[in-house]
Enquirer: 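I am attaching a structure below and will ask some questions about it afterwards.
The chains referred to below are lettered A, B, ... by the order of the sequence lines, with proteins before strands, and numbering in each begins at 1. Source: prediction; values computed, not measured.
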There are 4 protein chains.
Amino acid sequence: MFVQNLPPKSIFVSMTESPTRVEAFSDGVFAIAITLLILEIRVPHGDHGLWAGLVALWPSYIAFLLSFAVILIMWVNHHELLRMVRAVNYPFLFANGFLLLTVTFVPFPTAVLAANLATPDAKAAVAFYCATFVANALLWNLLFATIVRGGLLHANVSAETVANVRRTYYVGVLVYMLATALAFVRPALGLALNASLCIVWIRLGYRSESSASPSRS
Amino acid sequence: MFVQNLPPKSIFVSMTESPTRVEAFSDGVFAIAITLLILEIRVPHGDHGLWAGLVALWPSYIAFLLSFAVILIMWVNHHELLRMVRAVNYPFLFANGFLLLTVTFVPFPTAVLAANLATPDAKAAVAFYCATFVANALLWNLLFATIVRGGLLHANVSAETVANVRRTYYVGVLVYMLATALAFVRPALGLALNASLCIVWIRLGYRSESSASPSRS
Amino acid sequence: MFVQNLPPKSIFVSMTESPTRVEAFSDGVFAIAITLLILEIRVPHGDHGLWAGLVALWPSYIAFLLSFAVILIMWVNHHELLRMVRAVNYPFLFANGFLLLTVTFVPFPTAVLAANLATPDAKAAVAFYCATFVANALLWNLLFATIVRGGLLHANVSAETVANVRRTYYVGVLVYMLATALAFVRPALGLALNASLCIVWIRLGYRSESSASPSRS
Amino acid sequence: MFVQNLPPKSIFVSMTESPTRVEAFSDGVFAIAITLLILEIRVPHGDHGLWAGLVALWPSYIAFLLSFAVILIMWVNHHELLRMVRAVNYPFLFANGFLLLTVTFVPFPTAVLAANLATPDAKAAVAFYCATFVANALLWNLLFATIVRGGLLHANVSAETVANVRRTYYVGVLVYMLATALAFVRPALGLALNASLCIVWIRLGYRSESSASPSRS
């Protein structure tokens, strides 16, 4: 409603006062990245009929499903995280930007995984796929550290909650690193571990909700 | 306005309190999926001149038109459904996510249909296309069941309305299954049945609106 | 805030009460269609060096610039039109949906134009490109007729304004038809006429704004 | 809430009264352009194994990272700029549209850069990439000139701030021109200069924030 008189050097400030705008932009990026995944599945042109061609695309379906689930869960978690934030600053904007970079990157390792899962290069493909999420998990930690260090948390977020989030994000990095290492030995296991993390996150959400519901009603 | 003190285990809860955000994200996915459809129509490079090449793309135009209409109608229906919802919970978020997965998947069966409608593989292509909507229709049922079971409906939504929606969604599954089965025998008929469902839905909308207008004015 | 008790048959009504949602969805489609245009310009791989390859893409640049300008202006006009609307009904939703269909279709004739503008097929390519906008112009007329017939205009929109909009949309169809016909004889002229319509629309905007500004300040 | 009686010739006015809508549209274009960048990185199909293929894509990663950073920063700056604006007019709408045109164009020079950075055509590719940002920087100047000339700035934006923004945008043009010229001699240096501008902008943001924070708290 009212715009302050801006001192000469502070022409780049307002974004830090509107966290909703960062959220809307992030939402757009999540929605677009999740929808672009399908472009990596190409129409089969084989000699053995269409059904055989569609069946042979099973690595693409697995890669699509897995990446869709991961981006969906990341989108949910991004909102949960931003809900604890009262304001954003410049370091936040760029930490969030780097996080989004790894989100928009996901269609590429997904395509690499789809193209190589049924080939001898499966190990490299799964390792590359999991490594992307190591980078992504590190950036969640960076974003949270930026939030805490910048004093951007709501006053009523308890130290216990902060410790809990930090621990969860930290474990995420470790599990994705383990999945990456496992991929070099048994790619199927590495991918399964990667996928299992989705389920853990979903279950975490369910449980937290049940335990929280008494306090809300 | 006021953020409650979050207990340690409930850091993943807020999304369940802002249905508008789920709606905005879903809207984004619908808008992107409907706009990506055109990327599957490729510029013709034939020997018989451009007009012949453009005419030969008729299966692509049919596939584009049909999928555009279906996603548009799904978008309308998604809003109508969410209008009956007072809050969302975690099961809702993931049921909705799975539904969106089948929406973002649509460009792929559309491309398969376009590439094979004028070939001997038309049966398989139409069946695959219709089967996608069987999965989609099942997920509408799952989403509605999740809403009802979770007690997420507005208090003033009558049992009659619930029964009516449930029946409509249930019939949707059956008709798409019939279209899929028909595709194996007569692909053109299967596709026509699939398309006719759009018209039924639109007409349903028109009629419901006429019958509802007295009560609104 | 308050949701009416819905009678059994009117479960598909609410969209007709929130024009802003239709607008947001349309905005999304316009923004995505305008951004997808660039995907049709492919990296050149020639034998004569990169500069020669980039210069040889001039038909792509022309097609990109023209379609970008047209979609941008359509987006502006869409808002101007919806500003006169107080509510939407089902016929509106589908007339608007068909209009958006022609908007999402634009990247395809744009790619056809880019691929053929420097070839003997230029006549067909320009005619196809212009014909797309004949269809688009017809749908603007359909949308406006749907608005007027449905009584969806704000009460204070004068009969003179309605007649003026109708005339403008009607002339649009005629000019695009003329451009299409011209394309068969002199493609460059057809395309120039098509482009000139953009300039007419922009100038119209400027002039209307100048004439309107006294009444606003 | 209240729509004025529109005089016959002013049917294209309202957009000029809702800067938030222009901002939302621009946000959408920024979010889509930044997410489309990944589509230009193609899955490697080499003879030396997947790792070798992934490593050989280093020019693509550099191009992706650089363009992602540039678009992210442009998005931040676009908001900062619009924050100083109290209203928009038609010249603004089209100046902003041309600016967005150069933003949606970015994926193309990014792909050209990625395809040629490791080839003898690197000079041309880097020059073309930097030249895109010369055009972009010129349009930032045009947009700001349009804002100032149209009297669209908030009353409390000081002459000093205006001079400062103008100078910053002007220097942007010069540095990108220098980067373009440098690209013809030493492509790596031209690209480094281009990238360094990102860092300058980020640092500018940090500093301005620190100097501004006393006045905000």
Enquirer: Which pair of non-hydrogen atoms, one from C/A122 and one from C/L117, has the smallest distance, and what is that distance?
Expert: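 In this case the closest contact between C/A122 and C/L117 is CB-O, 3.5 Å.
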
Enquirer: Is it the backbone or the side chain of B/R86 that comes under 4.5 Å from a heavy atom of chain C, or both, or neither?
Expert: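 Neither; nothing under 4.5 Å.
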
Enquirer: B/T35, B/I32, B/V43: which one forms the most heavy-atom pairs within less than 4.5 Å of chain C?
Expert: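 Greatest number of close heavy-atom pairs with chain C: B/T35.
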
Enquirer: Go through the atoms of B/L57 and report whether side chain, backbone, both or neither lie under 4.5 Å from a heavy atom of chain C.
Expert: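 The side chain, not the backbone.
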
Enquirer: Check each atom of B/L39 against the heavy atoms of chain C and say whether the ones under 4.5 Å are side chain, backbone, both or neither.
Expert: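 The answer is the side chain of B/L39.
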
Enquirer: Using 30° and 60° as the class limits, which term best fits the ring planes of C/F128 and B/W51: parallel, tilted or perpendicular?
Expert: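 C/F128 and B/W51: perpendicular rings.
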
Enquirer: How many angstroms lie between atom CZ of B/F108 and atom CG of B/L113, to the nearest 0.5 angstrom?
Expert: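 Rounded to the nearest 0.5 Å, the CZ-CG separation comes to 11.5 Å.
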
Enquirer: Kindly compute the distance separating CG (B/L81) from CD (B/E23), expressed to the nearest 0.5 Å.
Expert: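 The CG atom of B/L81 sits 9.5 Å away from the CD atom of B/E23.
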
Enquirer: May I ask you to list the residues in residues 61-70 of chain B that approach chain C closer than 4.5 angstrom, counting heavy atoms only, ordered by number?
Expert: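 Checking residues 61-70 of chain B against chain C gives B/Y61, B/F64, B/L65, B/F68.
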
Enquirer: Taking all atoms of both residues into account, what is the closest heavy-atom pair of C/F184 and C/K123, and its distance?
Expert: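 The answer is O-CD, 3.2 Å.
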
Enquirer: Using a 3.5 Å distance criterion without hydrogens, assess whether the side chain of B/N116 forms a donor-acceptor pair with backbone atoms of B/V112.
Expert: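 Checked: pair present.
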
Enquirer: Rounded to the nearest 0.5 Å, what separation is found between the CG atom of B/L178 and the CG atom of B/L197?
Expert: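 Answer for the CG-CG pair, B/L178 versus B/L197, is 10.5 Å.
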
Enquirer: Pick one of side chain, backbone, both or neither for C/A115, based on which atoms fall under 4.5 Å of a heavy atom in chain B.
Expert: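 When you check distances to chain B, only side chain atoms of C/A115 fall under 4.5 Å.
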
Enquirer: Atom CZ in C/F144, atom CG in C/L152: separation rounded to 0.5 Å?
Expert: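 Rounded to the nearest 0.5 Å, the CZ-CG separation comes to 10.5 Å.
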
Enquirer: Which residues from residues 97-106 of chain B are near chain C, with near meaning under 4.5 Å between non-hydrogen atoms?
Expert: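 No residue falls under the 4.5 Å cut-off.
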
Enquirer: Counting heavy-atom pairs under 4.5 Å with chain C, which one of B/V162, B/I41, B/L72 comes out on top?
Expert: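 Among B/V162, B/I41, B/L72, the one with the most close pairs to chain C is B/I41.
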
Enquirer: Do B/D27 and B/H79 meet the criterion of a side-chain donor-acceptor pair at a distance under 3.5 Å?
Expert: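 Yes, side-chain donor-acceptor contact under 3.5 Å.
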
Enquirer: Taking all heavy atoms of C/L143 and all of C/A95, pick out the closest pair and write down the distance.
Expert: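 Residues C/L143 and C/A95, closest heavy atoms: CD1-CB, 3.9 Å.
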
Enquirer: Mind checking the CG-CH2 spacing from B/N77 to B/W75? Nearest 0.5 Å is all I need.
Expert: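 If I round to the nearest 0.5 Å, the distance is 11.0 Å.
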
Enquirer: Distance check, rounded to the nearest 0.5 Å: C/I147 atom CD1 versus C/M84 atom CE?
Expert: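 If we round to the nearest 0.5 Å, C/I147:CD1 and C/M84:CE are 7.0 Å apart.
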
